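See below for the structure under consideration.
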Amino acid sequence: MPGKTGKRRTGRAKRETGSRQRARGFGRSQAPGYNTEERGSSDYVKNSVLRKYLEPDREREQELQRRKKEIMAAKQARKEKNLKEMKELAASRVSYVKKPFAVRSKMSMILTAAALALGGGGIYQAVTTQGQASITFGAMGFCSIFLSVIAIWYGIIAFWEDDKNYILAKLGIGVSLLMLAAWTGIIIIGLRG
């Protein structure tokens, strides 16, 4: 090519250069102690060893791929198992956040609070007047007993509502029963005294 200083060597030129070097004594066959049969077999061994380390081992790669697939499948199975266990555990738990309160249990709690307020007011006045309270405070005590009975009734019928949170009903029934027991004790002590 005109304009280029360097020449590109073709395959023929390379072969000619190699043959010139061998003619001058630079070839392998001219080297002292060179045995073509031994040299050829050792070159083959070297090449096969190099090929073994340089070329990818197909069987090993396939084994690694198979192991990766097994590991991924095991991880996926473990993940699905954990998810299934979590769903089963969540289904067996009682969640008070999701379930609304029973309407009658709210009423039971309101009546229990009113009974506590009326009963507490009546007892406070009776204690401050040293047992000489007016009839109004006695009526507050009897209203407290009446409201406690109604609160227990509302607490019981709150359990008839399906799939609701009954904690307020249980609390209302428990407190109302304690108040009724306390009022019964006070009335018995008052009648004997």
Side-chain angles (χ1 to χ4, degrees), residues 1-110 112-113 151-178:
M1 290 187 163
K4 288 202 175 186
T5 58
K7 287 186 174 180
R8 187 172 167 191
R9 290 174 42 178
T10 60
R12 185 176 176 188
K14 288 179 185 176
R15 284 192 300 270
E16 287 175 3
T17 306
S19 63
R20 274 188 247 139
Q21 286 177 352
R22 279 191 294 268
R24 290 183 194 154
F26 294 115
R28 287 184 184 170
S29 60
Q30 300 293 328
Y34 180 77
N35 187 349
T36 55
E37 289 180 13
E38 289 178 13
R39 195 62 145 171
S41 64
S42 66
D43 283 343
Y44 176 75
V45 171
K46 286 180 184 175
N47 285 340
S48 66
V49 170
L50 284 174
R51 196 173 296 141
K52 179 181 176 183
Y53 289 108
L54 295 178
E55 286 185 6
D57 187 7
R58 304 278 184 234
E59 292 176 8
R60 181 165 170 76
E61 284 183 16
Q62 289 174 351
E63 178 68 20
L64 288 174
Q65 290 296 329
R66 188 182 61 78
R67 289 287 294 149
K68 282 182 185 177
K69 286 179 183 177
E70 286 177 3
I71 290 170
M72 293 302 289
K75 282 183 182 178
Q76 186 67 23
R78 193 168 42 240
K79 195 181 218 182
E80 290 175 3
K81 181 183 174 188
N82 288 344
L83 189 62
K84 185 179 177 182
E85 287 176 359
M86 286 174 38
K87 284 182 181 180
E88 289 174 358
L89 185 64
S92 66
R93 287 185 182 169
V94 176
S95 175
Y96 294 108
V97 176
K98 293 180 183 176
K99 294 182 181 180
F101 290 108
V103 177
R104 293 183 181 110
S105 69
K106 292 178 186 176
M107 191 64 179
S108 172
M109 201 62 208
I110 290 169
T112 302
I152 290 171
W153 171 249
Y154 268 100
I156 290 171
I157 63 174
F159 288 106
W160 294 343
E161 295 180 31
D162 289 332
D163 202 31
K164 300 285 183 173
N165 187 352
Y166 306 114
I167 191 89
L168 292 179
K170 292 174 185 176
L171 189 62
I173 291 171
V175 172
S176 294
L177 285 173
L178 288 175

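Predicted model, so just to flag it, every value in this text is computed and none were measured.
Contact detail for Leu177 and Ile152: the closest heavy-atom pair is CD2-CD1, 3.5 Å. In this structure, Glu161 and Val103 approach most closely via the heavy-atom pair OE1-N, 3.2 Å. Minimum interatomic distance between Lys164 and Phe101 (heavy atoms only, all atoms of both residues): CD-O, 4.3 Å. Taking all atoms of both residues into account, the shortest heavy-atom contact from Gly172 to Thr112 is O-OG1, 3.4 Å.
Note that CG of Leu64 and CD of Glu61 are 7.5 Å apart. Values are rounded to the nearest 0.5 Å. To the nearest 0.5 Å, the span separating CG on Asn82 from CG on Leu89 amounts to 11.5 Å. Here the CD-NZ distance, from Gln76 to Lys69, works out to 15.5 Å after rounding to the nearest 0.5 Å.
In terms of modelled atom types and a separation under 3.5 Å, the side chain of Ser108 and the main chain of Arg104 share no donor-acceptor contact. Distance alone, capped at 3.5 Å, is enough to place a donor-acceptor pair between the Ser105 side chain and the Ala102 backbone.
Classification of the Phe159-Tyr166 ring pair by plane angle, with boundaries at 30° and 60°, yields tilted.
Looking only at side-chain heavy atoms (C-beta outward), Ile167 and Leu171 stay at 4.5 Å or farther from each other. Proximity of Glu63 to Arg67: side-chain heavy atoms (C-beta onward) are separated by under 4.5 Å at one or more points.
Other residues, nucleotides and ligands place more than 12 heavy atoms under 6.0 Å from the CZ atom of Arg66.
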Inset, instruction - Report the C-alpha separation of Lys87 and Leu83 in whole Å, then their side-chain angles, then the decisive distance to 0.1 Å, and conclude whether the side chain to side chain contact (heavy atoms under 4.5 Å, CB included) test is met. - result: CA-CA 6 Å; Lys87 284 182 181 180; Leu83 189 62; 4.3 Å; yes
